[in-house]
Amino acid sequence: MHPPLVIGLDVGGTKILSGLVDREGTVHAEHAVHSPDGSEDGVLRALDAAVDGLLDDRVAAIGYGIPANLERGTGRVLWATNLPLTDVDLVARSRARYGLPVGIENDASCAALAEWRLGAGRGLANILMLTLGTGVGGGVVTEGRLLRAWVELGHVVVDEGGRECTCGGRGHLEVLASGSAADAAAHELYGPQADAHVLVDRAKEGDPRAREALGRLGGALGAAIGSLVNLFDPELVIVGGGFGAAAGDLVLEPARQAALREAIYPANRSLAVVPAELGPEAGLVGAALVAFEALDGLR
């Protein structure tokens with residue numbers, strides 16, 4: 001008998017990435033499908049296709065990482081960011097369809113879980129992770145347990161009354177320190193065809209305007225980190241996501257400086273802000289860990 005494998009799904013607004021994963025976090029196979037817009041039924045069919053593309057007799061459980069607010073206890077999807085999913089019991093639906101244990105978690109919390117167990121936060125009991133992509137997500141591990149709440153860290157208010165966020169609020173971290181925020185800064189500096197990639201490339205080439213723009217993003221990120229540190233007292237803050245990885249210290253260094261200014265003693269002397277280690281597979285691996293928790297009866 002081979003050790004069991006699970007299917008983890010990292011569900012995004014444009015792509016659903018599924019993987020066949022073992023307990024050590026090794027990804028044995030991957031499958032990607034487009035995330036359709038327009039209808040709930042289309043998204044559910046795409047999720048099924050992402051599972052069906054990897055399903056075989058080695059699969060013992062399924063785990064979903066969803067950009068959504070989940071109901072406590074049941075895991076019901078209350079409302080999904082950038083996907084037409086509202087009030088959907090995806091766990092019950094998948095259990096009925098596949099006859100397997102199923103787990104679900106917010107996608108950024110999945111990334112935090114993976115980095116805690118297998119990445120930059122391994123061996124620690126208290127970490128905080130922020131994922132900088134198109135938006136900003138996050139996850140918290142406290143006293144050796146993943147905090148299972150909405151954990152919408154990207155919607156922490158950094159600039160009261162500031163720019164409007166995608167959720168309708170104003171001055172949220174997501175609108176100030178995400179890849180979308182970098183896109184907006186690139187448009188202002190280099191025209192409508194420029195994006196976050198251009199901004200980062202110009203900054204790496206030494207363009208002072210690009211470096212200043214990324215510094216502002218980093219400052220907003222650091223202000224939020226300082227406030228979150230004052231709430232959760234993590235041993236380590238991990239920054240990941242596609243934009244976070246691409247920008248690197250161009251954003252992380254000003255974020256560290258701002259976080260140290262805002263954090264209270266003794267965190268204002270000892271706080272460590274580090275890049276994620278697992279790269280773009282963190283969400284996928286974290287969803288697989290959620291599947292193993294379902295398999296082991298922990299969910």
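Here, residue 1 is the first one in the sequence, and each next residue gets the next number. Keep in mind that the numbers below use all heavy atoms, side chains included, and drop hydrogens, waters and symmetry copies.
At a threshold of 4.5 Å between non-hydrogen side-chain atoms, the residues Thr142 and Leu128 do not count as touching. By the 4.5 Å heavy-atom criterion applied to side chains, Val27 and Val285 are counted as neighbours. Inter-residue side-chain proximity for Val274 and Val237 is flagged as unmet; no heavy-atom pair is nearer than 4.5 Å. Annotation: side chain of Gln193 is not in contact with side chain of Val198 (no heavy-atom distance under 4.5 Å). Here the side chains of Val43 and Arg45 are not in contact, with every heavy-atom distance at 4.5 Å or above. Residues Thr166 and Val175 are not in side-chain contact: their nearest non-hydrogen atoms beyond the backbone lie 4.5 Å or more apart. Residues Ile62 and Val6 have side chains not in contact (no heavy-atom distance under 4.5 Å, counting atoms from C-beta outward). Ile104 has its side chain within reach of Val77: a pair of non-hydrogen atoms, C-beta onward, lies under 4.5 Å apart.
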**OP:** Using the side-chain contact (heavy atoms from CB on, under 4.5 Å) rule, take Glu262 and Leu228 through it: C-alpha gap first, then chi angles, then the decisive distance, then the call.
**Re:** CA-CA 10 Å; Glu262 303 299 337; Leu228 293 168; over 6 Å; no

**OP:** Show your reasoning for whether side chain to side chain donor-acceptor pair (under 3.5 Å) applies to Thr86 and Glu40.
**Re:** CA-CA 8 Å; Thr86 303; Glu40 180 179 288; 5.6 Å; no

**OP:** With side-chain contact (heavy atoms from CB on, under 4.5 Å) as the test, would you mind laying out the steps for Arg23 and Leu295 before giving the verdict?
**Re:** CA-CA 11 Å; Arg23 284 190 183 271; Leu295 177 63; 3.9 Å; yes

Original post:
Could you go step by step and tell me if Asp207 and Tyr190 meet the side chain to side chain donor-acceptor pair (under 3.5 Å) rule?
Top reply: CA-CA 12 Å; Asp207 186 329; Tyr190 308 116; 2.8 Å; yes

Original post:
Could you walk me through whether Asp48 and Arg97 pass the side-chain contact (heavy atoms from CB on, under 4.5 Å) check?
Top reply: CA-CA 9 Å; Asp48 292 341; Arg97 178 179 175 87; 3.5 Å; yes

**OP:** Take Val136 and Leu153 through the side-chain contact (heavy atoms from CB on, under 4.5 Å) test and state the conclusion after the steps.
**Re:** CA-CA 7 Å; Val136 175; Leu153 303 187; 5.7 Å; no

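The two atoms that bring Glu174 and Cys165 nearest to each other are CB-SG, 4.2 Å, heavy atoms only. For the pair Pro275 and Ala120, the tightest heavy-atom approach, listed with the atom from each and the gap, is O-CB, 4.0 Å. Listed here is the closest heavy atom pair of Ala196 and Gly179: CB-O, 3.8 Å. Closest approach of Ile127 to Ala112, counting heavy atoms only: CD1-O, 3.8 Å. When all heavy atoms of Ser39 and Gly42 are compared, the closest pair comes out as OG-N, 2.9 Å. Contact detail for Leu54 and Ala29: the closest heavy-atom pair is CD2-CB, 3.9 Å.
In the model, Asn106 has no side-chain atom that pairs as donor or acceptor with a side-chain atom of Tyr64 under 3.5 Å. If you check the side chains of Asp52 and Tyr98, you find a donor sitting under 3.5 Å from an acceptor. For the residue pair Glu30 and Ser18, no side-chain donor N or O sits within less than 3.5 Å of a side-chain acceptor on the partner.
Residues Leu90 and Ile7 fall within the same hydrophobic cluster, defined by Ile, Leu, Val, Met, Phe, Trp and Tyr side chains chained together at heavy-atom separations under 4.5 Å. Taking hydrophobic clusters as Ile, Leu, Val, Met, Phe, Trp and Tyr residues chained together by side-chain heavy-atom distances below 4.5 Å, Val290 does not share a cluster with Leu100. Tracing side-chain contacts under 4.5 Å through hydrophobic residues (I, L, V, M, F, W, Y), one never reaches Phe232 starting from Leu124; they form parts of separate clusters. A continuous path of hydrophobic side-chain contacts links Leu173 to Leu231 [ILVMFWY only; heavy atoms under 4.5 Å]. In this structure, Leu113 is a member of the same hydrophobic cluster as Val21, with clusters built from ILVMFWY side-chain heavy atoms closer than 4.5 Å.
Only one option out of Leu260, Ile225, Ile238 pairs with Val273 in a side-chain contact (heavy atoms from CB on, under 4.5 Å); it is Ile225.
Salt-bridge check for Arg170 with Asp159: failed, with every basic side-chain N at 4.0 Å or more from each acidic carboxylate O. Remark: Arg95 does not engage Asp89 in a salt bridge, criterion side-chain N to carboxylate O under 4.0 Å. Taking the charged nitrogens against the carboxylate oxygens, Arg148 and Glu293 do have a contact shorter than 4.0 Å, which makes a salt bridge. Between Arg256 and Glu253 there is a salt bridge, with a side-chain nitrogen of the basic residue lying less than 4.0 Å from a carboxylate oxygen of the acidic one.
Between the OG1 atom of Thr134 and the CZ atom of Phe243 there is a distance of 11.0 Å, given to the nearest 0.5 Å. A distance of 5.0 Å separates CG in Leu20 from CZ in Arg58, rounded to the nearest 0.5 Å. To the nearest 0.5 Å, atom NE2 of residue His187 and atom CG of residue Leu199 are 10.0 Å apart. Within the model, atoms CD1 of Ile16 and CG of Asp10 stand 10.0 Å from one another, a figure rounded to the nearest 0.5 Å. For the atom pair CG of Leu236 and CD of Glu115, the computed distance is 9.5 Å after rounding to the nearest 0.5 Å. Between the CD atom in Glu24 and the CG atom in Leu289 there is a gap of 10.5 Å [rounded to 0.5 Å].
Between the side chain of Ser35 and the backbone N or O of Gly12, at least one donor-acceptor pair lies under 3.5 Å. A donor-acceptor pair is defined here as one N or O able to donate and one able to accept, closer than 3.5 Å; no such pair exists between the side chain of Asp233 and the backbone of Val229. Distance alone, capped at 3.5 Å, places no donor-acceptor pair between the Arg163 side chain and the Gly171 backbone. Here the side chain of Ser270 pairs a donor or acceptor atom with the backbone of Pro266 at under 3.5 angstrom. A donor-acceptor pair under 3.5 Å is absent between the side-chain atoms of Glu105 and the main chain of Cys110, judged by distance alone. With hydrogens and angles ignored, the 3.5 Å screen pairs no side-chain donor or acceptor of Glu71 with any backbone N or O of Leu78. At least one donor-acceptor pair closer than 3.5 Å links the side chain of Asn126 to the backbone N or O of Glu143.
Atom CZ of Arg145 sits in a sparse spot, with 12 or fewer heavy atoms from other residues, nucleotides or ligands closer than 6.0 Å. For NE2 of His197, the number of neighbouring non-hydrogen atoms (other residues, nucleotides, ligands) closer than 6.0 Å is 12 at most.
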